[in-house]
Protein chains: 4
Amino acid sequence: MSGNGIGLLFRLTTFGESHGPAIGGVVEGCPAGLPLEEADLQRDLDRRRPGQSRFTTARREPDRVRILSGVFEGVTTGTPIGLLIENTDQRSGDYREIKDRFRPGHADWVYQKKYGIRDYRGGGRASARETAVRVAAGAIAKKLLAQTGVRIAGALIAMGEVTIDRANWRWEEVECNPFFTPDAAAVPRFEALMEKIRAAGDSVGALLEVTATGVPVGLGEPVFDRLDADLAKALMSINAVKGVEIGSGMAVACGQGSLMADEMVPDASQPDGVAFLSNHAGGILGGISTGQPIVARLAVKPTSSIAIPKRSVTPDNTACVVITRGRHDPCVGIRAVPVAEAMMALTLADHWLRFRSRPGAWPAGTSGCTSQG
Amino acid sequence: MSGNGIGLLFRLTTFGESHGPAIGGVVEGCPAGLPLEEADLQRDLDRRRPGQSRFTTARREPDRVRILSGVFEGVTTGTPIGLLIENTDQRSGDYREIKDRFRPGHADWVYQKKYGIRDYRGGGRASARETAVRVAAGAIAKKLLAQTGVRIAGALIAMGEVTIDRANWRWEEVECNPFFTPDAAAVPRFEALMEKIRAAGDSVGALLEVTATGVPVGLGEPVFDRLDADLAKALMSINAVKGVEIGSGMAVACGQGSLMADEMVPDASQPDGVAFLSNHAGGILGGISTGQPIVARLAVKPTSSIAIPKRSVTPDNTACVVITRGRHDPCVGIRAVPVAEAMMALTLADHWLRFRSRPGAWPAGTSGCTSQG
Amino acid sequence: MSGNGIGLLFRLTTFGESHGPAIGGVVEGCPAGLPLEEADLQRDLDRRRPGQSRFTTARREPDRVRILSGVFEGVTTGTPIGLLIENTDQRSGDYREIKDRFRPGHADWVYQKKYGIRDYRGGGRASARETAVRVAAGAIAKKLLAQTGVRIAGALIAMGEVTIDRANWRWEEVECNPFFTPDAAAVPRFEALMEKIRAAGDSVGALLEVTATGVPVGLGEPVFDRLDADLAKALMSINAVKGVEIGSGMAVACGQGSLMADEMVPDASQPDGVAFLSNHAGGILGGISTGQPIVARLAVKPTSSIAIPKRSVTPDNTACVVITRGRHDPCVGIRAVPVAEAMMALTLADHWLRFRSRPGAWPAGTSGCTSQG
Amino acid sequence: MSGNGIGLLFRLTTFGESHGPAIGGVVEGCPAGLPLEEADLQRDLDRRRPGQSRFTTARREPDRVRILSGVFEGVTTGTPIGLLIENTDQRSGDYREIKDRFRPGHADWVYQKKYGIRDYRGGGRASARETAVRVAAGAIAKKLLAQTGVRIAGALIAMGEVTIDRANWRWEEVECNPFFTPDAAAVPRFEALMEKIRAAGDSVGALLEVTATGVPVGLGEPVFDRLDADLAKALMSINAVKGVEIGSGMAVACGQGSLMADEMVPDASQPDGVAFLSNHAGGILGGISTGQPIVARLAVKPTSSIAIPKRSVTPDNTACVVITRGRHDPCVGIRAVPVAEAMMALTLADHWLRFRSRPGAWPAGTSGCTSQG
């Protein structure tokens with residue numbers, strides 16, 4: 001299994017299974033001189049951490065991250081940042097019964113077929129626990145981007161059939177409810193849905209939106225490493241995500257060109273002297289950022305870990321029934337919000353470094369050949 | 001601009017602007033011994049080629065591809081395959097007026113801002129013409145995959161508000177109408193829509209579906225290079241695509257786990273002895289192929305090249321109005337079908353080689369250390 | 001600082017400074033099913049470990065490696081293998097004085113200039129300590145390669161002006177003396193040299209040779225990822241290495257074609273039915289392994305950490321004199337032997353997986369499309 | 001065969017066989033705004049071109065390079081630069097006899113074993129002809145680097161037993177003799193050697209030196225992507241190269257630390273206020289450029305294409321004798337000089353872009369977040 005790294009210049013490589021000794025990763029490419037401490041990472045880890053409300057799994061994961069390298073006297077040195085999170089609350093016993101029957105909708109069966117072996121405890125490498133390292137690394141990317149004026153924020157905008165009213169959108173609200181939703185009015189409806197789903201032993205999907213503001217014009221490398229293409233990969237790589245949209249997304253299929261082109265007008269108040277009158281493009285044209293907010297949405301499927309019996313097979317291909325009784329989130333999409341933010345941050349940090357590497361119109365602005373020390 | 005290559009082991013690197021001397025590319029990683037000739041590539045190029053029906057641009061592009069290397073006596077040698085398509089029908093005059101006004105919804109403005117210069121003729125590198133090389137390379141990937149029993153097919157399933165009836169789906173129909181649609185009954189409705197859109201000087205979006213059958217269990221590299229993540233990147237990298245779905249896609253957000261997990265039952269007729277009772281996963285679980293058909297959908301936005309006036313700016317940030325009068329497809333999504341097939345083929349060929357590189361349960365099946373000659 | 005990873009399919013990414021909390025790394029691509037435990041790694045780590053003879057630094061580094069993931073019930077799972085070595089014997093005080101004066105011949109000055117900050121304790125990231133992770137990862141690569149019949153061994157063949165007599169070469173001797181030298185008769189001469197160098201407070205360079213036997217024909221990807229090119233990079237990336245040779249190496253410059261071409265004769269006892277009559281090529285032709293032993297040599301410079309005063313500058317560019325009094329190896333080349341073995345093992349493991357990924361003459365031998373489980 | 005590309009941000013991908021329709025490549029990452037025309041590339045191609053003196057092969061290769069993309073109105077646009085060189089003088093007949101007997105010392109046999117097929121005409125992909133594309137691409141890198149004050153120059157410093165006197169070194173002399181040697185006094189001795197070797201139907205090796213001046217402090221990415229490691233790979237990837245040295249090279253093995261550390265003294269005339277008193281390091285410490293000249297040497301083996309009979313085998317492993325009668329260089333090392341320059345230029349251009357991508361001490365000097373247009 002290669003494929004555990006993402007990013008060209010700002011790069012994260014991760015390791016770890018949910019019930020092994022630890023999970024962790026290496027962040028390469030973070031420039032020197034950025035003030036950084038473990039608390040910067042812990043903040044987002046705590047947002048992602050389970051057991052914080054009655055709507056997420058009761059599994060307690062302190063998720064304390066340690067920075068093992070790359071920071072000296074409170075400041076990054078330009079060397080790789082080693083991250084480590086020890087696994088502590090490993091009730092392996094809970095998972096013994098799934099050793100011998102594949103959970104439908106999980107990666108159990110394909111891992112067994114691909115590798116001929118799997119760490120069956122809690123999903124192993126395929127567990128959502130793996131995303132904790134993404135969140136820790138994403139917090140570094142966020143702090144880096146913040147220095148340049150880029151701000152990333154995510155929100156849950158629908159769960160099952162319940163959707164928010166965008167007219168109520170208030171970013172401050174996102175951190176004030178257990179759903180990361182910006183619409184306070186939707187909270188009771190989400191609560192009611194969760195109670196119903198939990199009572200049924202079922203699970204439910206979710207729709208998330210992640211945005212980045214303050215992104216300058218020019219990030220993104222056509223043709224294949226377009227900013228939207230790299231975002232699509234980064235977001236689709238999150239467990240349980242089955243769809244990714246940029247800007248108007250899937251809805252463009254039913255649209256007309258006369259209604260969907262984002263018109264431009266002169267506007268001296270803008271950094272580039274131009275204002276867009278709409279943002280169907282979601283901040284990206286031809287794979288390159290336009291300076292407008294970058295807007296992406298992702299659909300997270302309902303977890304297959306449910307208390308409702310499902311048909312499956314055993315390793316010797318005998319029919320069986322699977323009921324998952326462990327401590328599971330009825331809606332894994334909720335905790336995917338900080339993960340989605342992290343993946344957008346990692347992608348933008350990488351493209352920001354790539355963007356920096358090239359001079360504009362040559363040779364104007366060429367200052368790269370003088371020492372940076 | 002790096003970012004012109006895609007794939008790790010089976011890799012395509014492209015170059016070329018729509019109105020320069022030529023476009024082309026290099027295909028690396030194609031195994032030796034595959035029978036290959038230019039006609040194999042031309043077939044898909046002809047499917048993509050404009051000017052074939054009254055519903056695509058009248059621009060004539062013979063799009064004759066030359067194989068410059070990597071094939072000897074009709075068979076691939078394992079060395080890189082150089083591809084070249086000369087640009088012939090370059091009516092540069094058509095584009096002179098767009099030199100001095102940025103077309104809204106196009107990449108003109110961001111290219112100018114990012115690079116400080118752009119080949120303004122016909123979109124330059126951002127032109128859909130660039131996708132011809134993808135199609136040529138994808139044809140090689142398709143032929144390689146066909147040897148292993150993998151078959152890739154794409155179709156248009158909606159255009160604007162007109163959608164097909166999936167009950168009418170017949171793959172054979174796809175090559176029999178100018179829309180690449182599998183529902184013969186939808187053809188007149190698509191025609192009517194096109195006539196209306198064209199008369200209005202407008203354009204319309206489209207929804208495509210691409211599938212791969214015969215894919216074995218085990219393709220895909222968790223965690224970041226998941227098969228679905230790499231597919232999302234590959235499909236989102238196509239011009240004008242704003243959304244990508246795998247399996248049930250965005251709809252999983254409103255689903256419940258009890259309805260969306262794909263149950264498994266023993267089935268001796270299947271290669272792995274297991275049959276899935278549904279395919280919400282679109283053939284991919286945990287980033288790894290399940291052996292079921294791989295199903296992806298993509299939304300293509302309506303082109304911004306329309307005859308309806310739109311507000312824009314000039315290079316010196318003066319307000320202006322843009323009307324695009326050139327020869328343009330009212331629905332670029334139609335010709336995106338072979339492009340989407342190509343991107344799926346390239347992605348699967350790459351993962352098929354990656355899949356091959358690792359032994360199963362060790363040391364069983366280890367035959368890699370004997371000479372392959 | 002990106003650039004902390006090496007390898008395409010079998011890939012090592014490392015992190016860590018000599019006096020931070022820990023060093024470590026991630027090994028990706030190791031196939032599933034390989035029996036592996038920490039003791040497999042510890043063996044080579046102990047060979048590299050300082051403080052084992054009076055000819056290496058007295059610094060005590062227990063160098064206990066922990067495997068944090070990727071191994072389940074004693075067998076690799078195909079997921080990334082996280083490695084961790086805590087730093088324990090960190091007498092930071094020893095290094096306080098080098099904070100304010102750059103050691104000539106070290107990376108101190110360039111790190112300060114490049115990053116504007118450096119962890120000055122013991123060389124930080126540029127310390128030879130970083131190579132411990134390479135050795136741990138290399139041990140995994142060695143074990144993988146051993147399953148296919150490949151064996152890697154290194155030796156010290158010269159130190160300063162003292163060279164071995166190749167007629168005395170006995171591989172068994174290598175592990176029986178503190179110099180990793182295969183010529184028992186040279187040991188007293190190396191000892192005498194070391195005593196003299198140490199007494200003078202000086203240091204001395206070394207010449208190493210690393211070989212791999214049992215490598216099949218066909219490893220290596222022309223044109224740029226040639227096996228010899230990748231070996232050259234891997235070996236030159238070791239601290240203090242200034243030259244790399246393959247086969248007859250630099251000496252080919254003075255040779256004649258009639259004497260240096262390796263003639264071939266039929267030989268039914270060989271795997272490919274052919275025997276070479278010499279090995280000037282060092283087992284690699286056109287970037288591809290020939291089946292003969294792969295032979296590389298590398299020159300390790302004398303460490304600049306010496307007790308002899310040297311002119312240098314302070315951070316504010318004032319002249320100063322530097323004398324390094326810490327615990328240092330008079331010949332760092334000795335302990336570079338297991339590091340060189342590790343780098344060759346990592347390179348071969350990577351190319352072995354790349355080699356496996358491609359079928360031979362197509363479609364013969366195509367078995368990749370059946371499930372590997 | 002993947003592995004046909006080199007470089008991360010400034011990247012060259014090549015294709016082509018010596019006797020196919022054409023060779024060519026794609027250069028990615030060249031910044032926009034660089035004035036560039038075909039004549040810039042042709043100059044170095046002409047230096048490499050055979051048939052220019054009686055000491056190189058009589059094969060006539062006009063080697064006219066075409067730029068197919070990435071340049072608009074005489075200036076680079078930031079998009080990939082497609083390069084094409086048609087093969088014209090293909091006397092395939094010359095090579096018919098080598099179809100059925102493997103030339104010892106060539107890549108024929110390993111290609112046949114690895115791929116099961118080979119384009120046997122003139123070495124196919126393994127022909128030195130492949131290096132023409134490197135030279136063309138290297139000329140772009142050189143022009144880019146020249147804008148920043150970096151100048152690259154190569155020279156032949158030994159051939160067989162004949163070596164130059166470094167006291168006679170004059171760079172201007174290099175372009176005035178057919179050997180690219182900087183010592184005018186050595187020219188008659190090289191001529192005499194060549195006459196002797198040619199008369200004997202033999203060939204001879206060569207030692208080259210390549211330098212780069214004007215390189216700022218700070219290029220190079222520790223730990224694995226060190227500037228010296230990447231140079232070693234780039235130079236070792238050239239056909240027939242068997243050894244690479246940086247600075248004092250292999251000789252460091254016999255040196256003492258007290259003599260080999262490059263002392264530093266304050267010197268206000270230098271860009272960084274520091275002068276080095278020697279350059280054993282060859283301009284690179286810890287993998288990072290020091291600001292001193294970068295100095296590399298490479299040994300090129302004598303070609304195996306000689307008129308002296310050598311034992312070999314046929315494809316069915318029958319013993320045979322090979323005599324190469326074609327038009328071949330008695331010393332391929334001569335024409336390797338522009339190739340070595342090209343590989344150093346490509347490596348430095350790539351690291352120069354990587355260097356640019358990271359801010360120095362954060363947040364000072366952060367100007368990357370403003371538009372570059």
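In what follows, chains carry the letters A, B, and so on, assigned in the order in which the sequence lines appear, proteins first and then strands, with residues in each chain numbered from 1.
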Salt bridge flag under 4.0 Å for residues B:R129 and B:D63: yes

Among D:G7, D:G124, D:S69, residue most engaged with chain B (heavy-atom pairs, under 4.5 Å): D:S69

Worked check of side-chain hydrogen bond (donor to acceptor under 3.5 Å, both in side chains) between D:R103 and D:T324: CA-CA 8 Å; D:R103 293 169 297 171; D:T324 309; 5.5 Å; no

Contacting region of D:L84 [heavy-atom separation from chain B under 4.5 Å]: side chain

pair D:I23-D:E130: side-chain heavy atoms closer than 4.5 Å: no

Chain B interface, residue from D:T77, D:L68, D:I67 that has the most non-hydrogen pairs under 4.5 Å: D:L68

Donor on one side chain, acceptor on other, D:R101 and D:T318, under 3.5 Å: no

